[in-house]
Q: 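Could you have a look at this structure, given as structure tokens, before my questions?
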Amino acid sequence: MNQRKKRERITDAERKEAYKEASRFVLDIAKLVFAGVILGSIMDMDINKGFVFGVG
């Protein structure tokens with residue numbers, strides 16, 4: 001017979017910690033995008049600056 005494993009629920013503290021880690025990750029990605037936009041606008045490259053600002 002197959003016995004189904006009882007699923008363990010995530011506690012509120014674990015969920016809060018996971019959201020905290022996810023928010024740190026998203027903040028790091030936002031910082032990298034912001035830095036890329038700034039560097040892209042400062043560098044004298046052949047790019048459409050309006051497009052870079054819009055996408056960033």
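In this chain, residues are counted from 1 in sequence order.
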Q: Among the clusters formed by ILVMFWY side chains lying less than 4.5 Å apart, do L27 and Y19 turn up in the same one?
A: no
Q: Do you know which two heavy atoms are closest between E14 and R9, and how far apart they sit?
A: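 Scanning both residues, the minimum pair turns out to be OE1-O, 4.4 Å.
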Q: Is I10 atom CD1 crowded by more than 12 heavy atoms from other residues, nucleotides or ligands, each under 6.0 Å away?
A: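 Not buried by this count: 12 neighbours or fewer within 6.0 Å.
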Q: Within the side chain of E21, is there an N or O that forms a donor-acceptor pair under 3.5 Å with the backbone of A18?
A: no
